[in-house]
**Student:** 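Before we start, here is the structure in question, set down as structure tokens.
What you are looking at is a predicted structure, and each value in this text was computed from that prediction instead of being measured. Order of the sequence lines fixes the chain letters, A, B, ..., with proteins taken first and strands second; residue numbering starts at 1 for each chain.
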Amino acid sequence: MNDPSPAAAVPAHVPADRVIHFDYLRDPALPGDPYGRFKQVQDSVPHEVVWTTGNGGHWMILRADAVVDALQKTDWFSSIHIQIPPPPPGAWRRLIPEELDPPEHEKYRSLLSSHFGPRTMKRFDTRAKELAKQLFDRIADAGRADLMRAVTIPLPCSIFLDMVGLPNDRLEEFVALKDQLFTSNDPAQMQAATIRIYEICSQCIESLRVTPGENLLSHLLSSESKVDGRPLTHEELLSIAFMMFIAGLDTVTSAMTSCLAYFVQNPEQRQRLIDEPARIPEAIEEVLRRHSVVNMIRTASCDFEWRGLSFKKGDQFVASSVMANLDEREFPEPMRVNLDREVNRHILFGVGPHRCVGSHLARVELRAVMHELLPRLKNVRLAPGTQLRWTPPPLFGLTSLPVEWDVA
Amino acid sequence: MKIRVDRSKCTGHARCAMVAPDLFVLDDDGYNASDGRVVAEPDRRLAERGQKSCPERAITLEE
């Protein structure tokens, strides 16, 4: 279904020794082991920045130091598009704040940051732990389940919908739409999902205007939330709601599933966390360094010289957190999960002004689930015959996590 | 030893505070509010770990 695209012509400003042939969306090795494949690509060339002929042709930044540098240099590396190639004009609304650059970005981002701070998010700790407990209670006696269907989809999605102000009773419909958008890789399907998500968000905003609640959208609708001294327009609210929808319903599920999958397959490390739960927060950071989720996209906003190369306005870049987090120059033995890593400067949540605003909520939920589930999953193992598979990029995540455990 | 924070670079990852919560204080939005704070000698190693864990390279330690 996802054949690699034919090799695109190489632009004149790209030196021949920087050209590789790798389709980061459709390479056939990705569903089996996306991290191994990315690492192989990183190791295959002595350069930190290369041009790939795959996926229509674009730059790929392969090393942590250069990825961080690019994501911090927002004057050159614009966030104007989150897709390669960019969508045709008029086919896509700009996402707020993800597809804005500073200083415009900051006006909207600050409205969100105040809502997503670490202390504010701590209040979801109890809710997340209760929900984890309830969800596991439903399957505890069965001794087997797909932990993704049973826990890692419903838990973060449920908390997220409540927090944003989208109706929780439509969770399954929302998750299906999100999957259609991310995993179909079919423009018609993606377009249909996009239109439907906008319709739903629009209805929700209208109803919250009449009956506000304790949630993000109500906060953004209130008179306190202003941009350039005026309230947000419906169009802006819609864009933020859509952004929340696609950012919040997928990434935490992916991270949580990867984390559980690691501890299911590594009983000694699992036992360490059960014996010493205080180690859970840093352990999660390290497991997710090795299993990062997001491949960020940037577009050159002008012609410029950087790291010995010339770039032209409109050039596109994959500045991947996955790639950066597997760089041995930053992380010794990068393919090994090392729960005793002394320094862990990973960019799981990105870097620069677009750093994931939901990271503190994600951490609260991840910790709650590891805390509640690991001790209860007695002698847990993958279900017999299970071969774990990953969804195609742009977002890395497992497709399911079928496991068995002992029932007392 | 003194903590220096480049607030134009800090984007609120809060990694410093995860590693060394008693040395790195955050404001309500999660940004590092520890600029100028003096670190006692016994906390030196911990401060260095916090500094090195910043994805934005926003923290320096001044002697």
**Student:** Determine the minimum heavy-atom distance between B:Arg49 and A:Glu342, stating which atoms define it.
**Tutor:**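 Closest approach of B:Arg49 to A:Glu342, heavy atoms only: NE-O, 3.0 Å.
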**Student:** Counting heavy-atom pairs under 4.5 Å with chain B, which one of A:Pro118, A:Pro353, A:Gly352, A:Ser359 comes out on top?
**Tutor:**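 That would be A:Gly352.
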**Student:** Please determine whether a side-chain nitrogen of the Lys or Arg among B:Glu56 and A:Arg355 lies less than 4.0 Å from a carboxylate oxygen of the Asp or Glu.
**Tutor:**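 No.
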**Student:** What option among B:Pro55, B:Gly30, B:Gly50 has the most heavy-atom pairs under 4.5 Å with chain A?
**Tutor:**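 Greatest number of close heavy-atom pairs with chain A: B:Pro55.
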**Student:** Heavy atoms, side chains only, cut-off 4.5 Å: are B:Thr11 and A:His354 in contact?
**Tutor:**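 A side-chain contact is absent here, since even the closest heavy-atom pair is not under 4.5 Å.
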**Student:** With a 4.5 Å cut-off on side-chain heavy atoms, are B:His13 and A:Ile347 touching?
**Tutor:**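 Not touching, per the 4.5 Å side-chain cut-off.
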**Student:** Kindly check if the number of other-residue, nucleotide or ligand heavy atoms within 6.0 Å of NZ (A:Lys122) is above 12?
**Tutor:**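 No, NZ of A:Lys122 has 12 or fewer neighbouring heavy atoms, counting only those of other groups under 6.0 Å.
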**Student:** Do you know which of B:Gly12, B:Ala17, B:Cys10, B:Ala14 has the most heavy-atom pairs under 4.5 Å to chain A?
**Tutor:**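 Among B:Gly12, B:Ala17, B:Cys10, B:Ala14, the one with the most close pairs to chain A is B:Gly12.
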**Student:** For the candidates B:Lys9, B:Glu48, B:Met18, B:Lys52, which exhibits the highest count of non-hydrogen atom pairs separated by less than 4.5 Å from chain A?
**Tutor:**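 If we count pairs closer than 4.5 Å to chain A, B:Met18 comes out on top.
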**Student:** Under 4.5 Å from any heavy atom of chain B, what part of A:Gln72 do you find: side chain, backbone, both or neither?
**Tutor:**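 Contact with chain B involves the side chain of A:Gln72 alone.
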**Student:** What is the distance from atom CZ of B:Arg15 to atom CD of A:Glu282, rounded to the nearest 0.5 Å?
**Tutor:**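 Output value for this atom pair is 4.0 Å.
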**Student:** So how far is it from B:Asp29 CG to A:His115 NE2, rounded to the nearest 0.5 Å?
**Tutor:**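 One gets 12.0 Å once the value is rounded to the nearest 0.5 Å.
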**Student:** For A:Val351, which atoms come within 4.5 Å of any heavy atom of chain B: side chain, backbone, both, or neither?
**Tutor:**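 For A:Val351, heavy atoms of backbone and side chain both lie under 4.5 Å from chain B.
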**Student:** Looking only at heavy atoms, what is the nearest atom pair of A:Arg119 and B:Leu26, with distance?
**Tutor:**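 Scanning both residues, the minimum pair turns out to be NH2-O, 3.1 Å.
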**Student:** Who wins among A:Met121, A:Glu330, A:His360 for the most heavy-atom pairs under 4.5 Å with chain B?
**Tutor:**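 Sorted descending by pairs with chain B, the first entry is A:His360.
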